[in-house]
Amino acid sequence: MGCAAAAPTLVCVKRVKQDEAEEWDETMPLPGDIIEGFAEKDGDDDDDDDASFVAVKGRSELSSQLGKMVQKVETIWVKVRRGDRTHKLRVRVVADKSYILHKKYTIRAARDDRHIAVLGDLTLEKCTTLQEMSRRIVNVAFRGFNRKELNYDWKRKVDTYLPDQASTVVASILFMPFQGEYYIEATISRCMAWFSAAVSSGVPLVFVNIQTEQIVTSDKTNQNGKEISRGGKQQNTSTSVELVQGIRLWFLPGVEQVLLEMIPEPGETRFGLDIKRTDEGFICVGEVTKGSAADRAGLQQLLDEANLTKHLLVISRLEGKSVMPSTVGSAGFIHCCDHNEIKDALASAMEGLDIIQLHIMAWPNQTRPETPQAIAPATLRPPKPPL
């Protein structure tokens, strides 16, 4: 049996040799900072010319590059990533005194000789944990007040304000950049084209927000430069690690999600609904059999209304599980629910005459059949003041 592949690592600030944490600020290298590049330019010139920054591949290589610059310039610029943002910091190159036999170099804050960074090759998870610690320390320093922990009755609040716990109210889909694509605008364009196409086809989505999201990708290659399979030999291999920017689109699956129950009766062999998948990866109801469990649940009424209003009758969840598309990969394929698997789940439930619950995306002014209480975004808004 082969060993599990090690998680890819990034060059990161593990800690700083500066005990006075209240003196930290965002212009200094902070624990968790992911070092993406450096530029050999002196002074206060922090222009936006990213082409002048040399990419960082590993801690040892960075130490070697810093050693070459230590005698040339007083300060350099490093580009670091914190969360979904990049920052350019002016720093000084100094010898790392923790290494005696082999001289290595690191960086320290430009305006504080005590603030020396200890660098390491860490996983993204570890970097993120350290970044959160640094964020709390820096934020507390700026506020000047101690923070306290507040006990919160989560169970009561969820039961009261989110009674349909199978509906998360909001949903999202992650768009990866294509291979060789380095500009976030192209990913945003595809994201919004997908959303516009879905809405134009009749899927009643409501736009909420988009945000960048950093993703670590890695490719393993053998000594001939060919990609290897997971089960292949791992001698003479190298791992190429890249930090890319994806786009996450947040949306409401309809103005609300209507919960319906399909209750089969003895002698029935089907729930009585035919489903199909849209080009954008959503599952919708195409036809309902008269007198079936689906018809008794109100699906025929909703389908007739959807046809009149030019909407699709889209299923967002089946038995509490999302059936909406989740990811668009770097090859352009949409990762979505297999509608054949949904058909198998319905057939299995019918064999045992089990009740099936599903959520339908609602459009504005949609007629409500006699169904259990639906959970809507409006439920989450402050109550209206009395007249």
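Panel note: side chain R296, backbone I263; a donor-acceptor pair is recorded below 3.5 Å.
Each of S322, P204, S316 was compared with P253 under the side-chain contact (heavy atoms from CB on, under 4.5 Å) criterion, and only S316 meets it. The residue from M361, M324, H311, E280 that alone fulfils the side-chain contact (heavy atoms from CB on, under 4.5 Å) condition with V203 is M361.
For E61, the salt bridge (Lys or Arg N to Asp or Glu O under 4.0 Å) test picks out no residue, with sequence neighbours left out. For E36, the side chain to side chain donor-acceptor pair (under 3.5 Å) partners at least two apart in sequence or on another chain are R81.
Within the structure, every pair that satisfies the side chain to side chain donor-acceptor pair (under 3.5 Å) test and touches residues 192-211, not counting sequence neighbours, is listed here: Q211-W250. Listed by first and then second residue, the salt bridge (Lys or Arg N to Asp or Glu O under 4.0 Å) pairs that reach into residues 123-134 are E132-R135, E132-R136, sequence neighbours excluded.
Here F333 is tied to no hydrophobic group at all, with no ILVMFWY side chain closer than 4.5 Å. Other residues sharing a hydrophobic cluster with F178 under the 4.5 Å side-chain heavy-atom criterion for ILVMFWY residues do not exist; the residue is a singleton.
Ion pairing of E26 with R82 is absent here, as no side-chain N (NZ or NE/NH1/NH2) approaches a carboxylate O to less than 4.0 Å.
Rounding to the nearest 0.5 Å places CZ of R190 at 13.5 Å from CE of M192. Put simply, OG1 on T106 and NZ on K17 are 8.0 Å apart, with the number rounded to the nearest 0.5 Å.
Counting heavy-atom neighbours within 6.0 Å of K343 NZ, excluding the residue itself, gives a total above 12. The environment of CZ in R15 is sparse: at most 12 heavy-atom neighbours from other residues, nucleotides or ligands sit within 6.0 Å.
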